[in-house]
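Data first, discussion second: the structure below is written as structure tokens.
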Amino acid sequence: MPEPVPYLDLRAQLKPLRAEIDAAIARTLDNCSFCLGPDVAQFEKDFAQFCGAQHALGFNSGTSALHVALLLLGVGPGDEVITTPYTFIATSWAISYCGAKPVYVDIEPASFNLDPRQLEAAITPRTKAVLPVHLYGHPFDVAAIAAICKKHNLPLVEDACQAHGATYQGKTVGSLGDLACFSFYPAKNLGACGEGGALVTNSAALAARAKSLREHGSTVRYHHDELGFNYRLEGLQGAVLGVKLKCLAHWTAARRRVAGRYAELLAGTPLQLPTVAAGCESAWHLYTVRSLRRDDLKKHLDANGIGNAVHYPMPLHLQKAYAPLGYQAGDFPVAEKASREVLSLPMFPELADAQLQRVAEVVHGFFK
Ligand SMILES: *Cc1c(COP(=O)(O)O)cnc(C)c1O
């Protein structure tokens, strides 16, 4: 049988960077700045610049950055935050951690992102913020959503955990709302060697309070102004991320090449291939296709050594943990249909053309 094609290959990513990462880790061991520290501070500067924003703060996960983003906006018990039911659950956890209620709005079938045409109907006097996701690396409809937020005087938080380097009308995501959150989970487009995240904003006041919230609600050691958290990014992760950030632009270009190749190689199959909306550049975190025969296609790929995954098999409103919200099957039909049809194919910058051809060969074999 031909070589299997992995879904993701972090070894291939680390290999050419290994000496530089080893040196960065050694530097941290030498300076003993294990929690935040100079490498985190440098990375924060560089990442803010990458996003075209004034401030970036390192967090120990994307989830904790999302939690603090909502706390900064005063989200609390009794409040509602509007988000999408079709995302990784951490988006919604952040709302729940604040004691607020996630209010879901169905997605657009083409982009899998929150449908702006259904947003306004979900706004109530309790709505405190809007939290859409740039899913799979494709920007949500920023203009339409920001206009509705503005009209109702609601802050907009970008969940950019899958979209490092995506652009919307020429602007990099992370600088398009009031606050943006990124994840540096190893499998993300920019990944730490462990957990990590960032909160990005143009507001000096929000950044200052976020800094305090991530460090036990304190700006002066052992003086605590409010309930805070230990959400600091580790020094080792800051050092690693600093090395990897320099590669992000060319990794993103390579992902775009992979997506372009898939479009050529998979043309003519019954698969519905991902599209990119006008004015957008996707960061191609995932290459997610749709098929009415998804489950059988998945089995065929598994049997032929082609890595794949389903993002996501169950929308959030149907998750057991969210049963108390009282949603039912049928409430968000577009998201539910997507959950039955989507399949993510191998997508990482180092994918070789022979590997892409092998994926295509197996897919074509299935439909023959
Ligand atoms: C990964 C991810 C998160 C959470 O990030 P962690 O760093 O794993 O906590 C949140 N939202 C989305 C859309 C994600 O993909």
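Counting starts at 1 for both ligands and their atoms, following the listed order.
Without hydrogens or angle criteria, Glu361 side chain to Gln357 main chain gives no donor-acceptor distance under 3.5 Å.
Residues passing the side-chain hydrogen bond (donor to acceptor under 3.5 Å, both in side chains) test with Asn202, sequence neighbours excluded: none.
Centroid-to-centroid, the aromatic rings of Phe332 and Tyr327 come within less than 6.0 Å. For Phe182 and Phe47, the gap between ring centers is short of 6.0 Å.
Electrostatic pairing of Glu20 and Lys246 counts as a salt bridge here, judged by a charged N lying under 4.0 Å from a carboxylate O.
The residues lining ligand 1, counting any heavy atom closer than 4.0 Å, are Ser61, Gly62, Thr63, Leu66, Thr87, Phe88, Ala90, Thr91, Val133, Asp159, Cys161, Gln162, Ser183, Lys188, Gly196.
For the salt bridge (charged side-chain N to carboxylate O under 4.0 Å, His left out) criterion with Glu281, the lone passing option out of Lys171, Arg255, Arg256 is Arg256.
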